[in-house]
Amino acid sequence: VVLAVCVAERKFPPGFKFGAATASYQVEGAWNVSDKSPSIWDTFAHENPEKIIDGSSGDVACDSYHLWETDVALAKDLGLHFYRFSISWSRLLPNGLANVVSEDGSRYYNNLIDGLLENGIEPVITLFHWDLPQKLQDLGGWTNPEIAIWFEDYARTAFELYGDRVKTWLTFNEPIIICDAAYEKGTIAPGIASPGIGNFICVKNLMLAHARAYRIYDKEFRPKYNGKVGLTNNHVWYEPNTPDDEENTELARDLAAIYAHPIYSKSGGWPPSVEEFIAKKSKEEGYPRSRLPSFTQEEIEFIRGTYDYYGLNYYTSRKVSSGVPTGSSISWPSSGSPEIGIVFSSDPSWTAGYAWLVSYPPGLRKQMNWLVKQYGDIEIQILENGYSTPEPIMYDTSRVKYYEDHLEQVLLAIQEDGINITAYTAWSLLDNYEWTSGYTSRFGIVSVDFTDPMRKRTPRASAYYYATVIKNHSLDFPKH
Ligand code: PNW
């Protein structure tokens, strides 16, 4: 008698890729070298130190502008298949507009790309990870419709310079933060609180900017370079607190999907539930038209289908209940609470982490199932997932556990749910400038000593763990 023991192998499919990510403002430093002009984050951190927990800025950060070779060597030691980084728009185009390309800026990214490729690591580029040129902010930034054209010109410059070697492009990192955290809440650069107005103008312009970049890639670059273009959305998985909260929870999911629906849905445009909800509310509030700007049919068609993959950043989950958000409710970084009239909380069974980062690994799998239900059989690339600690500890067992538990959910989604997930990305390769948390929140699998002028990098236990997963292409390996 053969005892059939059903233990699924915890192996990743062949071709599945592992990487790690960073972003320009968070790691580069060198904020004013050569002809680089300031970005909104240079301005925000310099002018509002009281809005940053430790009053710090990314002026030096990890100094990756000078130390990129060390970063490449680390990525190689870890066995990363790809390294995801972003281009600083105002380093490449000091005017924001594409009339002048910085020699220094273009050389920096050229060197980094070539250095990665020489070491067998694929470069994955984010065009926009929040550091808008200040000069463009002065003209209205994401609330000026012209920005779609400015962004197209910037994207073309990058595709022209690097498209021969870079095969995976992201237009945007987390539009929900660019528009919602920046314009609805005003908590991050450019710090303009315009709830229910600015955030919606921003997302409309951003969707058009994305579509323009995608379409020029399609037309001018895909035939010779054959790469992939998409963007990455951050999703917080929402669950109803009680059965009564189910309707609001689905509305909250839809509201967060205004950053996805125009691109990924079959019908295009805003999610119908959101369109209806905001139109009705706007009317009650006395507005002559909906606060959510409409798309023309032509714009809907122009944006719809402009993707080659779905980029997903997942960190945490929330319970949804009705109510008015107060200062103490953990609403950040979740969107839509004042708009819908809901509050977010954690579940007692979920693992509390540092600040907002509650660990609920099944949320990742549930979120991916929701996306597939909405948008069909899309290719999903997980482009960020990670865990922070307040202290720069080296033996970071809680981070190791976070990675293992989330990678397990990735495997379940592939094996049990049949979801086409092709990549996983650890945020972050390095401790870095964590926006308004400054240097107080550590996300690196490699630690950085910010008191050392050489910004010494030291791999943590989680780096060794991740390297072992990559090497074995599996969550199971001989422990010693
Ligand atoms: C991301 N949430 O931000 C960003 O892409 C990174 O630049 C950042 O350093 C990293 O995650 C860690 O914070 C997030 O709503 C924004 O759960 C929102 C959420 C998570 C991360």
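Each ligand, and each atom within it, is numbered from 1 in the order the structure gives. Only this structure's heavy atoms are used, side chains among them; waters, hydrogens and symmetry mates stay out.
The atoms of ligand 1 that sit less than 4.0 Å from any heavy atom of W130 are 3 (O), 4 (C). Atoms of ligand 1 found under 4.0 Å from any heavy atom of V236 (numbered from 1 in listed order, with element): 2 (N), 15 (O), 17 (O). Set against the non-hydrogen atoms of F443, the atoms of ligand 1 under 4.0 Å away are 12 (C), 13 (O). Less than 4.0 angstrom separates some heavy atom of E384 from each of these atoms of ligand 1: 1 (C), 4 (C), 5 (O), 6 (C), 10 (C), 11 (O). Annotation for ligand 1: atoms under 4.0 Å from non-hydrogen atoms of H129 are 4 (C), 5 (O), 6 (C), 7 (O). Distances below 4.0 Å separate heavy atoms of N173 from the following atoms of ligand 1: 4 (C), 5 (O). Close approach of ligand 1 to T316 is summarised as follows: ligand atoms under 4.0 Å from at least one heavy atom of the residue are 17 (O).
When the heavy atoms of Y315, Y387, W356, W435 are ranked by distance to atom 10 (C) of ligand 1, first place goes to Y315.
Residue contact check for ligand 1: H235 places no non-hydrogen atom closer than 4.0 Å to it. Residue contacts with ligand 1: Y314 is excluded, as none of its non-hydrogen atoms falls under 4.0 Å.
Close N/O approach between E434 and ligand 1 is found [any backbone or side-chain N/O within under 3.5 Å].
Side-chain contact between Y310 and I380 is present, with heavy atoms from C-beta onward closer than 4.5 Å. By the 4.5 Å heavy-atom criterion applied to side chains, F85 and I113 are counted as neighbours.
Side-chain rings of F443 and Y387 stay apart, their centers remaining 6.0 Å or farther from each other. Separation of the F12 and F18 ring centroids falls under the 6.0 Å cut-off.
Salt bridge annotation for D449-K456: absent, with no cationic side-chain nitrogen under 4.0 angstrom from a carboxylate oxygen.
Qualifying side chain to side chain donor-acceptor pair (under 3.5 Å) partners for D138, counting only residues two or more places apart in sequence or in other chains: Q134.
At a heavy-atom distance under 4.0 Å, only side-chain atoms of I177, from C-beta outward, approach ligand 1.
The backbone N or O of G19 lies less than 3.5 Å from no partner atom in the side chain of R84, so there is not a single donor-acceptor pair.
Within a 6.0 Å radius of NZ in K17, no more than 12 heavy atoms belonging to other residues, nucleotides or ligands are found.
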